[in-house]
Amino acid sequence: MAWLDTPFWGNTVGDYLIAAALLAAVLAVVAVFREVARPRLAVEGVDARNVSHLLRDVVARTRLSLVLLVALFFVARSLVLPGIAWSFIRGAAIVAALLQAGLWVSAGVDNSIRRYRERNIDSDAASVTTITAVAFMGKFALWLVLLLVALDNFGVEITALVAGLGIGGIAVALALQNVLGDLFASLSIVVDKPFVIGDFIVIGEFAGSVEKIGLKTTRLRSIGGEQIIMSNADMLNSRIRNYKRMAERRVVYTFGLAHETSADKLEQVPKILREIIEGLEKARFDRAHLKGYGDASFLFEAVFWVTLPDFNIYMDVQQELSLKLVRKLSAEGIEFARPVRRLFSEDSEHDASRTFDRR
């Protein structure tokens with residue numbers, strides 16, 4: 001085994017083999033730990049599950065290539081290497097360590113945001129939107145700092161770079177006005193909260209529930225099921241109707257009665273409407289009046305409030321009102337108006353005109 005003592009670039013062959021074995025052992029341990037630990041990190045219990053999910057995300061974002069570079073740095077300390085090789089290994093190891101740390105921190109932030117969203121999306125969707133935006137800006141700042149530290153370790157003059165980035169940033173801002181407009185619009189949405197995730201909004205001809213508020217676009221899920229994607233700047237420049245924040249629904253209920261209805265019976269109708277509406281469980285009466293005269297009917301209008309904003313409840317209340325009104329008016333001998341069509345016929349033999357009413 002004398003060949004193990006053969007010198008080669010300042011080290012023996014045995015030294016290189018030991019270093020390679022150490023690297024292989026480190027990679028094997030990390031790889032086995034990843035494969036064994038991930039499926040075992042799902043334990044019962046809320047607190048334990050949260051911790052296990054965090055550890056699982058951290059393990060999942062552990063990169064073997066980055067671990068290899070860091071391990072290579074420690075193994076190389078036992079070898080005699082040229083200055084340029086050592087500088088390269090040291091710089092690569094520092095960059096790898098920074099990248100791996102950034103991945104772990106990002107995993108922790110994403111895990112915290114996900115758990116916060118699950119706990120508060122129903123009760124406080126606005127804070128979820130704010131925390132998500134703040135987390136994104138925090139991760140952006142983190143990676144920017146890591147990039148600057150990595151460049152500093154490779155001998156790049158950061159001060160001049162930052163100054164250059166400032167000047168270049170002005171040019172980029174001019175070239176990307178639309179993109180930056182959407183970006184600042186997203187920040188305005190997060191701060192001002194005209195709508196949050198889960199709200200049902202109407203913008204022009206588009207309507208849907210807010211699924212995601214991104215940096216450039218907001219995504220809605222329409223009633224028909226398709227996804228509607230709109231730029232944030234366009235949304236803020238539009239008039240938004242937020243139905244999720246509706247406390248009650250005002251309903252204007254109109255119908256017509258036949259012209260043959262007597263004045264005494266017409267006088268009873270507002271009282272009938274008031275009685276029916278006040279008897280509805282989720283409605284609050286406002287007013288009921290004979291509104292005026294139509295071409296073929298007396299027009300009535302009732303205004304009431306549905307005390308819950310849900311659209312299905314609103315339709316249920318209106319349906320119940322209609323059915324009770326039909327039964328009550330029928331019992332009182334009051335008829336709803338029917339369309340009237342008048343036909344004029346000229347008798348050629350007798351040169352006379354006759355009029356027919358069809359109801």
Side-chain angles (χ1 to χ4, degrees), residues 199-209 220 222-226 228 238-359:
D199 284 1
F200 186 88
I201 61 176
V202 175
I203 304 175
E205 61 184 79
F206 303 103
S209 298
L220 309 179
S222 74
I223 298 176
E226 70 272 16
I228 302 172
S238 304
R239 289 168 175 80
I240 302 172
R241 302 172 67 183
N242 194 329
Y243 283 88
K244 181 68 174 294
R245 298 179 185 177
M246 180 190 299
E248 297 178 319
R249 283 182 181 266
R250 184 176 183 269
V251 182
V252 179
Y253 186 84
T254 60
F255 60 94
L257 298 181
H259 271 163
E260 292 78 13
T261 308
S262 65
D264 292 338
K265 290 185 177 180
L266 291 175
E267 190 177 8
Q268 296 176 19
V269 174
K271 300 176 183 178
I272 293 173
L273 283 168
R274 184 186 187 104
E275 179 183 346
I276 294 175
I277 295 174
E278 288 181 346
L280 299 176
E281 182 180 355
K282 297 181 177 68
R284 188 177 74 254
F285 177 79
D286 188 358
R287 64 177 177 83
H289 295 93
L290 172 60
K291 181 180 180 181
Y293 306 96
D295 293 336
S297 64
F298 293 107
L299 300 177
F300 281 85
E301 180 178 273
V303 177
F304 63 95
W305 294 84
V306 178
T307 56
L308 295 174
D310 186 84
F311 183 79
N312 290 335
I313 294 177
Y314 150 69
M315 291 301 297
D316 290 340
V317 170
Q318 185 167 266
Q319 175 180 268
E320 186 178 358
L321 169 60
S322 298
L323 293 175
K324 289 185 176 182
L325 182 62
V326 169
R327 295 190 181 99
K328 186 65 176 179
L329 294 183
S330 177
E332 296 292 335
I334 303 174
E335 294 185 0
F336 286 98
R338 298 185 179 88
V340 174
R341 180 181 300 170
R342 292 186 176 180
L343 302 177
F344 297 89
S345 176
E346 184 176 339
D347 192 329
S348 59
E349 294 182 359
H350 300 90
D351 192 21
S353 297
R354 291 177 294 180
T355 301
F356 301 91
D357 285 350
R358 289 191 176 179
R359 294 183 184 275

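Note that the structure is predicted; figures quoted are calculated from it, not measured.
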* Donor-acceptor pair, side chain of S322 and main chain of Q318, under 3.5 angstrom -> yes
* **Distance in Å, T261 OG1 paired with L290 CG, rounded so as to fall on 0.5 Å steps** => 10.5 Å
* Structure fact -> Output for pair (E267 CD, S262 OG), nearest 0.5 Å, gives 10.0 Å
* Could you go step by step and tell me if E248 and R284 meet the side-chain contact (heavy atoms from CB on, under 4.5 Å) rule? -> CA-CA 10 Å; E248 297 178 319; R284 188 177 74 254; 2.6 Å; yes
* Take the angle between the ring planes of F300 and F255 and call it parallel below 30°, perpendicular above 60°, tilted in between. => parallel
* To do: Calculate, to the nearest 0.5 Å, the distance between atoms CD1 and CD belonging to I334 and Q268 respectively.
  => 5.5 Å
* Asked: When rounded to the nearest 0.5 angstrom, what distance separates NZ in K324 from CG in L329?
  -> 14.0 Å
* To do: Give the intermediate values and the outcome of side-chain contact (heavy atoms from CB on, under 4.5 Å) for residues V269 and F298.
  => CA-CA 11 Å; V269 174; F298 293 107; over 6 Å; no
* To do: Rounded to the nearest 0.5 Å, what's the gap from CZ on R249 to OH on Y243? Could you check?
  => 7.0 Å
* Quick one: pull up CD1 in I272 and CD in E332 and give me the separation to the nearest 0.5 Å. => 5.0 Å
* To do: Show the numbers, then the answer: is there a side-chain contact (heavy atoms from CB on, under 4.5 Å) between L321 and V251?
  => CA-CA 12 Å; L321 169 60; V251 182; over 6 Å; no
* For the pair D310 (side chain) and N312 (backbone), establish whether a donor and an acceptor sit closer than 3.5 Å, ignoring hydrogens and angles. => yes
* Taking the six-membered ring for Trp, are the ring centroids of F285 and F304 within less than 6.0 Å of each other? -> no
* Test L220 against every option in V202, I201, D199 by the side chain to side chain contact (heavy atoms under 4.5 Å, CB included) rule and name the one that passes. => I201
* To do: Applying side-chain contact (heavy atoms from CB on, under 4.5 Å), run through L273 and L325 and close with a yes or a no.
  => CA-CA 7 Å; L273 283 168; L325 182 62; 3.9 Å; yes
* Give a yes or no on this: more than 12 heavy atoms of other residues, nucleotides or ligands lie within 6.0 Å of atom CZ of R287. => yes
